[in-house]
Amino acid sequence: QVQLVESGGGSVQAGGSLKLSCVPSGYIISTRCMGWFRQAPGKEREGVAAIWTSAGKTYYADSVKGRFTISQDNAKNALYVQMNDLEPGDTAMYYCAAHCLRDGDTWFAESNFYYWGQGTQVTVSS
């Protein structure tokens, strides 16, 4: 079963930085559209950032704009998110997703991604 493998999570103090990485563990249809989602305890999973390289699109949740930067390395089929100025509210399990099923105004929605990773934990202390 193809999965996406996330890495780079950890525990940091508020104001610190982390860079998450995601690579496929096997063949996947496409990595042109990928995204990061997160889920905090007791909360629903939410979109953090997404990128659709061939369409020239990026998406950032309002809560992370100016602090998080999503990027890709097409040669490695890898996805990254650089997270700066981390806040306790960023504490969550972070998931990588790949292969958008359709284009449209909500291309970055959770339901539009086909492949998912198991997650990597990010904990930010105050």
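All values below come from the heavy atoms of this structure, side chains included, with hydrogens, waters and symmetry mates left out.
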Spatial distance of atom SG (C100) from atom CE (M34) [nearest 0.5 Å]: 10.0 Å
Y80 versus D73, closest heavy-atom pair with distance: CE1-CB, 3.8 Å
Contact summary for S126 and A14, nearest pair of heavy atoms: CA-CB, 4.3 Å
Smallest separation among heavy atoms of A78 and V23, with atom names: CB-CG1, 3.7 Å
Approximate separation, where rounding is to 0.5 Å, of T106 OG1 and N112 CG: 6.5 Å
Same apolar cluster: L79 and F108, side chain cutoff 4.5 Å: no
same_hphob_cluster(V48, V12) at 4.5 Å side-chain heavy-atom cutoff: yes
Aromatic plane relationship, F68 with Y94 - under 30° parallel, 30 to 60° tilted, over 60° perpendicular: tilted
Y60-L86 co-clustered via ILVMFWY side chain contacts under 4.5 Å: yes
Single-linkage hydrophobic cluster, 4.5 Å side-chain cutoff, V124 and W36 together: yes
Full working for side chain to side chain contact (heavy atoms under 4.5 Å, CB included) between R67 and D90: CA-CA 11 Å; R67 300 188 299 121; D90 296 318; 2.7 Å; yes
Step-by-step side chain to side chain contact (heavy atoms under 4.5 Å, CB included) determination, C96 to Y115: CA-CA 8 Å; C96 174; Y115 299 100; over 6 Å; no
Interatomic distance, Y95 atom OH to T120 atom OG1 [nearest 0.5 angstrom]: 10.0 Å
Aromatic plane relationship, Y114 with H99 - under 30° parallel, 30 to 60° tilted, over 60° perpendicular: perpendicular
Under 3.5 Å donor-acceptor, E46 side chain and A61 backbone: no
From CD (E110) to CZ (R45), nearest 0.5 Å: 4.0 Å
Spatial distance of atom CD (E6) from atom CD (Q118) [nearest 0.5 Å]: 7.5 Å
Path from V64 to L20 over hydrophobic side-chain contacts below 4.5 Å: yes
Whether over 12 other heavy atoms sit under 6.0 Å from Q39 CD: yes
Minimum heavy-atom distance W52-R102, with the two atoms named: CZ3-O, 3.8 Å
Whether over 12 other heavy atoms sit under 6.0 Å from K76 NZ: no
From S125 atom OG to Q13 atom CD, the distance as rounded to the nearest 0.5 Å: 5.0 Å
Heavy-atom pair of closest approach, residues F113 and G35: CE2-N, 3.7 Å
Heavy-atom closest pair, residues A98 and S30: CB-O, 4.3 Å
Heavy-atom neighbours of R32 CZ exceed 12 at 6.0 Å: no
